[in-house]
Colleague: 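My questions all concern the structure below.
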Amino acid sequence: PTSFHDDSDEDLLNV
Amino acid sequence: MATPPEEDSLESRINKATNPLNKETDWESIKAFCEQLNNELEGPQLATRLLAHKIQSPQEWEAMQALMVLETCMKNCGKRFHSEVGKFRFLNELIKVVSPKYLGTRAPELVKKKVLEVMYSWTVCLPEETKISDAYQMLKKQGIVKQ
């Protein structure tokens, strides 16, 4: 199955 | 009592594959988990959420088995899974395991070492997933990765 391409993401965690 | 996950769901397979009571690695369940996540529309997204949770377990054997599942899937599951793992949404969960500001002071040493090893291996064999090297560089800058 080709899933819709979801490019949503978060920012890199700063540690 | 929460209803148990259905028998062949991703959740039940990851529970079996990472069960702390396993005497040895349950390769059958690991293989089944990898195959299943590829066959489901939202498989990679759900699989990475389940894996992140298991890797953050304070139980060393459960977390180490989860890392084995992650490595196996990275070798066998292909692009859709690679791009989910290559998102900060997942990488941040690994960073929490090694960062003293989050779980780093409680996470088992062996698990932290393995997390850094697999992240480094991905910077080498998955250069197109640039966020992975961003995350790894940040850990180096913060001294979490020893030079």
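It should be emphasised that the depicted structure is a prediction, and the values quoted were computed from it without experimental measurement. Below, all heavy atoms of this structure are taken into account, side chains as well, without hydrogens, waters or symmetry copies. Each chain gets a letter, A, B and so on, in the order the sequences are listed, and its residues count up from 1.
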Colleague: Does anything in residues 101-112 of chain B get under 4.5 Å of chain A by heavy atoms, and if so which residues?
Modeller: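 Those residues of residues 101-112 of chain B which have a heavy atom under 4.5 Å from chain A are B/Lys101, B/Tyr102.
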Colleague: Just do the side chain to side chain contact (heavy atoms under 4.5 Å, CB included) check on A/Val15 and B/Val98 with the steps written out, would you?
Modeller: CA-CA 10 Å; A/Val15 292; B/Val98 295; over 6 Å; no
Colleague: Which residues in residues 52-59 of chain B have any heavy atom closer than 4.5 Å to a heavy atom of chain A?
Modeller: none
Colleague: Got a second to check how far B/Lys131's NZ is from A/Leu12's CG, nearest 0.5 Å?
Modeller: 9.5 Å
Colleague: Is B/Gln137 atom CD crowded by more than 12 heavy atoms from other residues, nucleotides or ligands, each under 6.0 Å away?
Modeller: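 Counting neighbours around CD of B/Gln137, more than 12 heavy atoms of other residues, nucleotides or ligands fall under 6.0 Å, so yes.
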Colleague: Mind checking the CG-CZ spacing from A/Asp11 to B/Phe88? Nearest 0.5 Å is all I need.
Modeller: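 Spacing of CG (A/Asp11) from CZ (B/Phe88) equals 8.0 Å.
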Colleague: Looking only at heavy atoms, which two atoms of A/Leu13 and B/Asn92 are closest? And how far apart?
Modeller: N-OD1, 2.8 Å
